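Each ligand, and each atom within it, is numbered from 1 in the order the structure gives. For clarity, every value in this text was computed on a predicted model and none was experimentally measured.
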Amino acid sequence: MLMRKSPSIRHNWTKKETLALLQQPFNDLLHRAQQTHRYNFDPNKVQLSTLMNIKSGGCPEDCAYCPQSSRYQTGVEAEKLAAVQDVESRAQSAKDKGATRFCMGAAWRQPKQRDLDKVISMVKAVKKMKMETCVTLGMLSRDQADQLKAAGLDYYNHNIDSSPEYYTKIITTRDYDERLETLEHVRDAGINVCCGGIIGMGESIDDRADFLLILANMPSHPESVPINMLVKVEGTPLNDVETIDPIDFIRIIASARIMMPKSYVRLSAGRNEMSDEMQALSYLAGANSIFYGEKLLTTNNPQLQQDRELLKRLGIEPSENYSP
Ligand code: SAM
Ligand code: DTB
Ligand code: SF4
């Protein structure tokens with residue numbers, strides 16, 4: 001019988017502990033992360049979410065990593081909000097291919113009421129197909145969050161992206177507190193929170209620790225924690241940043257798993273630039289969710305067949321759970 005140490009859900013992590021976690025010998029870190037993972041989840045299952053960019057480009061914000069900001073010449077054109085019918089057919093195809101959640105992203109600072117009404121129709125249509133729904137639309141008022149909840153929305157994605165300090169170097173058109181405010185509105189409206197960030201933007205280890213601390217010390221942990229590896233896009237200010245050491249990236253996944261034991265940790269953007277071995281180590285470190293589909297929002301994700309083959313080689317199966 002495997003000894004299982006009872007883990008506790010904590011919200012009082014300290015900076016010292018977090019830095020110690022991140023910097024301990026790799027094998028010790030992975031061992032603890034795997035123990036935590038096994039205690040809370042089936043270690044051979046992965047949750048599949050498919051993304052659709054429902055409103056591409058032309059965003060007024062200046063996020064230095066983002067190809068959809070109107071401030072940078074990245075070749076991404078500003079498009080209109082997608083039609084509900086297109087969303088329905090993409091969601092159906094994602095479901096047929098095995099995804100359990102459909103995530104719709106819009107390049108907005110904050111949705112206008114008329115646009116929100118349309119997104120609400122999309123959420124209702126996808127819910128009808130018995131898929132989990134997630135949207136990411138930028139900042140939300142409490143009233144907007146309530147409207148999305150009433151439509152049946154399961155998850156709202158809103159990332160804190162980095163530490164409060166590093167955030168000011170990456171985005172100037174909004175501040176960290178505005179981000180936290182939206183997250184509070186989402187939480188208070190009773191929608192599941194999907195919140196994480198991007199690693200590999202040139203941040204320090206202190207920034208990484210602070211980023212994890214903000215997430216892990218929230219009164220309730222986000223149910224879903226996307227960890228994106230920066231996808232460098234020509235034309236964005238972060239295009240020339242130094243590529244992160246894969247081992248350091250795995251350390252973040254493992255630490256997120258340990259600090260938020262019951263959250264789904266999503267190995268998010270950047271998988272197309274990762275080796276099979278780096279992805280395998282991420283699963284070993286406790287990642288149990290991915291974006292599944294050939295495209296993220298504007299950049300490439302691995303081909304479906306490639307993902308299926310890797311998961312098969314690892315003996316990892318897609319989870320079938322649908323929890324409305
Ligand atoms: N506009 C909304 C917002 O920013 O909240 C929603 C869409 S935005 C594209 C969603 C998330 O995608 C960002 O918060 C960021 O974490 C991630 N993202 C954007 N560009 C990225 C890139 N080049 N590499 C990795 N992640 C990226
Ligand atoms: C998240 O954390 N990552 C996704 C999703 N939430 C919306 C987006 C990744 C975008 C990567 C760059 C692009 O494709 O434009
Ligand atoms: Fe706009 Fe979101 Fe991109 Fe920032 S991350 S520029 S808010 S789409």
Side-chain angles (χ1 to χ4, degrees), residues 49-72 74-79 81 101-111 115 119 133-140 144 155-162 166-167 170-176 178-183 185-186 193-203 211 215 222 224-241 243-244 249 256 264-274 287 289-302:
S49 293
T50 294
L51 266 174
M52 175 175 177
N53 198 352
I54 58 168
K55 194 307 182 180
S56 183
C59 184
E61 305 266 30
D62 70 351
C63 313
Y65 48 75
C66 187
Q68 301 198 77
S69 165
S70 63
R71 310 193 180 214
Y72 316 128
T74 61
V76 173
E77 300 288 332
E79 283 174 16
L81 181 57
R101 190 176 307 162
F102 195 66
C103 307
M104 296 160 267
W108 289 323
R109 173 177 166 82
Q110 173 149 23
D115 291 330
V119 173
T133 50
C134 177
V135 297
T136 178
L137 316 170
M139 293 189 268
L140 286 188
Q144 290 178 317
Y155 290 81
Y156 194 82
N157 167 243
H158 199 65
N159 292 339
I160 54 166
D161 279 333
S162 195
Y166 204 65
Y167 197 82
I170 300 293
I171 298 151
T172 69
T173 49
R174 55 167 192 258
D175 59 38
Y176 212 74
E178 290 179 289
R179 236 32 209 172
L180 297 176
E181 220 172 87
T182 291
L183 288 166
H185 294 154
V186 170
V193 171
C194 172
C195 181
I198 310 179
I199 306 298
M201 298 192 288
E203 71 285 343
F211 159 69
L215 293 173
S224 165
V225 181
I227 304 291
N228 298 277
M229 184 175 81
L230 175 70
V231 179
K232 293 187 223 174
V233 178
E234 221 178 294
T236 60
L238 294 187
N239 186 39
D240 296 323
V241 88
T243 301
I244 187 180
F249 181 84
Y264 277 81
V265 175
R266 182 171 308 112
L267 179 60
S268 301
R271 283 198 307 112
N272 208 34
E273 288 73 31
M274 292 178 196
S289 169
I290 55 170
F291 285 123
Y292 179 67
E294 273 115 35
K295 262 227 144 99
L296 291 164
L297 291 173
T298 66
T299 64
N300 291 336
N301 202 37

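- Between Ile170 and Ser162 the shortest side-chain heavy-atom distance does not fall below 4.5 Å.
- With rounding to the nearest 0.5 angstrom, the CD1 atom of Ile199 is 10.5 Å from the CG atom of Leu230.
- Neither the backbone nor the side chain of Lys55 comes within contact range of ligand 3; no heavy atom lies under 4.0 Å.
- Proximity of atom 24 (N) of ligand 1 to the protein is indicated by at least one non-hydrogen atom lying closer than 4.0 angstrom.
- Close contacts of ligand 1 with Asn159, meaning ligand atoms under 4.0 Å from a residue heavy atom, involve 11 (C), 13 (C), 14 (O), 15 (C), 16 (O).
- Inclusion of Gln68 in the set of residues having an N or O under 3.5 Å from an N or O of ligand 2 is not warranted.
- In this structure, Tyr72 and Asn239 have side chains that are not in contact, with every pair of non-hydrogen atoms separated by 4.5 Å or more.
- Both the backbone and the side chain of Val231 come within 4.0 Å of ligand 1, judged by heavy-atom distances.
- Distances from atom 6 (C) of ligand 1 to the heavy atoms of Ile171, Asp161, Thr136, Val135 put Thr136 nearest.
- Thr133 OG1 to Met104 CE: the interatomic distance, rounded to the nearest 0.5 Å, is 6.0 Å.
- Within the listing of ligand 1, atoms 9 (C) sit less than 4.0 angstrom from a heavy atom of Leu297.
- The closest approach between any non-hydrogen atom of Gly196 and ligand 2 is not below 4.0 Å.
- Only the backbone of Ala106 comes within contact range of ligand 1, with a heavy atom under 4.0 Å; no side-chain atom does.
- Atom 3 (Fe) of ligand 3 has an N, O or S atom of Cys66 closer than 2.8 Å.
- Residue-ligand proximity: Gly138 is placed with a non-hydrogen atom under 4.0 Å from ligand 1.
- The protein heavy-atom contact nearest to atom 5 (O) of ligand 1 is Arg179 NH2, 2.7 Å.
- Residue Cys63 holds the heavy atom nearest to atom 4 (Fe) of ligand 3 of all those in Ala107, Cys63, Ala106.
- Within the 4.0 Å cut-off (strictly below), no protein heavy atom is located near atom 2 (Fe) of ligand 3.
- Using a 4.0 angstrom heavy-atom cutoff, Asn228 counts as in contact with ligand 2.
- Residues Pro60 and Thr173 form no side-chain contact, since every pair of their non-hydrogen atoms from C-beta on lies 4.5 Å or further apart.
- Heavy atoms of Ile198 found under 4.0 angstrom from ligand 1 belong exclusively to the side chain.
- Of the listed residues (Asp161, Ile160, Thr172), just one forms a side-chain contact (heavy atoms from CB on, under 4.5 Å) with Tyr167, and that residue is Asp161.
- For Thr236, no heavy-atom contact with ligand 1 is shorter than 4.0 Å.
- Distance remark: protein heavy atom not present below 4.0 angstrom from atom 8 (S) of ligand 1.
- Looking from atom 7 (S) of ligand 3 to the surrounding protein, the closest heavy atom is Arg174 NH1, 3.3 Å.
- Residue-ligand proximity: Phe291 is placed with a non-hydrogen atom under 4.0 Å from ligand 2.
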